[in-house]
Amino acid sequence: MIRAVEPQEHVSAPVLAAYSYCEAVTSGQARNFAYGIRLLPAPKRRAMSALYAFSRRVDDIGDGALADEVKVARLDDTRALLGRIRDGAVEEDDTDPVAVALAHAARAFPIPLGGLDELIDGVLADVRGETYETWDDLKVYCRCVAGAIGRLSLGVFGTESGARGAERAPEYADTLGLALQLTNILRDVREDAEGGRTYLPADDLAKFGCSAGFHGPTPPEGSDFAGLVHFEVRRARTLFAEGYRLLPMLDRRSGACVAAMAGIYRRLLDRIEREPEAVLRGRVSLPGREKAYVAVRGLSGLDTRHVTRRTVRRRA
């Protein structure tokens, strides 16, 4: 069981200011993520914002226009900063608000900070331009950049006392992260191609005649692009189904947060499945009202109850 005790101690003004900065970064740059964490109580919401802000910094280094050697140097610096946070060497008056907020969050919750090392490893793979021959290869990358975030988040959420199978919670959190990342890869296939990146496994691309890549608003000539997308959608749905087993292990508001974030991505997956070629014309997204509906649905506990009933039927 992973317990995350709500911190009750006084939070100093410098730390609150650092958290406010992280929350501004989150609300401004992570609309899907922000819909979920707004359902959390303040201490957990602040801690999740600190995790996001640090992760965003790492991602921005990888996605930026700097020379590769500069990116590597900056990622090394960020890893060194993470080491200072882990060692408790960041003071409240430090000039880096993300470091101050994350250091406080790591003291308040049992966050496995090694997951952020994994994220840096994944972004370094992007900088090196790595590609993936098989799904097993891609899974390693997805676990670094998304599964690790699921496990980090679980450190903030904790699991409910007496939750059955809670020892598998990190595994389910990791799997849910893989589902979200595969959905991201499908949504961003054209954008990534324009940036010179290919994430979908080479084996899958070859199977559906898509090895030429995606460089325009239409699929490669003679390819079965819809077949490729539907194949990957089925894979993502399997991951979602497994990862959703985490929900009954969380308290109501943490479960609502996860259900909201995952629910938004599942609906994106539905849209991609209905119109595969849309991802070649631009980024597929959900309107705000639909995201709000998913958040309300998560807060109502509908998804958690559905998973619980399904699990009970399997055991019967």
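Keep in mind it's a predicted model, so treat the numbers as computed, not measured. Worth knowing before you read on, the calculation uses all heavy atoms, side chains too, and leaves out hydrogens, waters and symmetry mates.
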Out of Leu180, Leu182, Leu178, which residue meets the side-chain contact (heavy atoms from CB on, under 4.5 Å) rule with Phe240? Leu180

So, using side-chain contact (heavy atoms from CB on, under 4.5 Å) as the criterion, who are the partners of Asp96 when residues are at least two apart? Arg57, Leu81, Asp94, Val98, Ala99

Any pair with a residue in residues 169-191 that passes side-chain hydrogen bond (donor to acceptor under 3.5 Å, both in side chains), sequence neighbours left out, goes on the list, sorted by first then second residue, please. Arg143-Asp174, Arg151-Asp174, Arg168-Glu171, Arg168-Tyr172, Asn184-Arg187, Asp188-Arg283, Arg190-Glu194, Glu191-Arg283

Sort and list the pairs that fulfil side-chain hydrogen bond (donor to acceptor under 3.5 Å, both in side chains) and have at least one residue in residues 201-210, not counting sequence neighbours. Asp204-Arg235

In the structure I gave you, are the side-chain heavy atoms of Thr78 and Phe54 within less than 4.5 Å of one another anywhere? yes

Look up atom OH in Tyr132 and atom CG in Asp137, then write down how far apart they are to the nearest 0.5 Å. 9.0 Å

Asp87 (side chain) donor-acceptor with Ala89 (main chain) under 3.5 angstrom: no

Residues forming a side-chain contact (heavy atoms from CB on, under 4.5 Å) with Pro97, sequence neighbours excluded: Ala18, Tyr21

Which residues, ordered by chain and number, are linked to Leu66 in its hydrophobic cluster, where ILVMFWY side chains connect at heavy-atom gaps below 4.5 Å, directly or through other members? Val70

To check you understand the geometry: which heavy-atom pair defines the closest contact between Gly177 and Ala146, and what is its length? O-CB, 3.2 Å

Could you state whether Trp135 and Val233 fall into the same hydrophobic cluster, counting links through intermediate Ile, Leu, Val, Met, Phe, Trp or Tyr residues with side-chain heavy atoms under 4.5 angstrom apart? yes

So, do Leu246 and Leu154 sit near enough that their side-chain heavy atoms are less than 4.5 Å apart? yes

Are side-chain heavy atoms of Leu39 and Arg253 found at a separation under 4.5 Å? no

Residues forming a salt bridge (charged side-chain N to carboxylate O under 4.0 Å, His left out) with Lys139, sequence neighbours excluded: Asp136

How long is the span from the CE atom in Met249 to the CZ atom in Arg164, to the nearest 0.5 Å? 10.5 Å

Can you list the residues that meet the salt bridge (charged side-chain N to carboxylate O under 4.0 Å, His left out) rule with Asp93, with sequence neighbours excluded? none

Looking at every heavy atom in both Ser55 and Leu116, which two are closest together, and how far apart are they? OG-CD2, 3.7 Å

Listed partners of Thr198 passing side-chain contact (heavy atoms from CB on, under 4.5 Å), at least two apart: Leu205

Please determine if Asp121 and Arg79 form a salt bridge, counting it only when a charged side-chain N lies under 4.0 Å from a carboxylate O. yes

What distance do Cys210 atom SG and Phe225 atom CZ have between them, rounded to the nearest 0.5 Å? 6.5 Å

Side chains of Asp60 and Arg56, heavy atoms from C-beta outward: is any pair under 4.5 Å? yes

Gap between atom CG of Leu119 and atom CG of Leu113 - 0.5 Å precision: 12.0 Å

Ser254 versus Leu40: any side-chain heavy-atom pair under 4.5 Å? yes

Side-chain (Lys71) to main-chain (Val127) donor-acceptor, under 3.5 angstrom: no

Do the side chain of Thr26 and the main chain of Cys22 share a donor and acceptor less than 3.5 angstrom apart? yes

Contacts satisfying ring-ring contact (aromatic ring centres under 6.0 Å, His included) that involve residues 180-211 (not counting sequence neighbours) are Tyr141-Tyr199, Phe208-Phe231

Measure the shortest side-chain to side-chain distance between Leu200 and Ile185 over non-hydrogen atoms and say whether it is less than 4.5 angstrom. yes

Using salt bridge (charged side-chain N to carboxylate O under 4.0 Å, His left out) as the criterion, list what pairs up with Asp63, not counting sequence neighbours. Arg197

Can you tell me if Tyr19 uses its side chain to pair, donor with acceptor, with the backbone of Ala105 under 3.5 Å? yes

Partners passing side-chain contact (heavy atoms from CB on, under 4.5 Å) against Ala278 (at least two apart in sequence or in another chain): Glu275, Arg281, Val284

How many angstroms lie between atom CD1 of Ile149 and atom SG of Cys144, to the nearest 0.5 angstrom? 10.5 Å

To the nearest 0.5 Å, what is the distance between CG on Leu51 and CZ on Arg46? 14.0 Å

Under the salt bridge (charged side-chain N to carboxylate O under 4.0 Å, His left out) test, which residues partner Asp68, sequence neighbours left out? none

Criterion side chain to side chain contact (heavy atoms under 4.5 Å, CB included) on Leu82 and Arg86, from CA distance to verdict: CA-CA 6 Å; Leu82 179 61; Arg86 185 184 289 113; 3.8 Å; yes

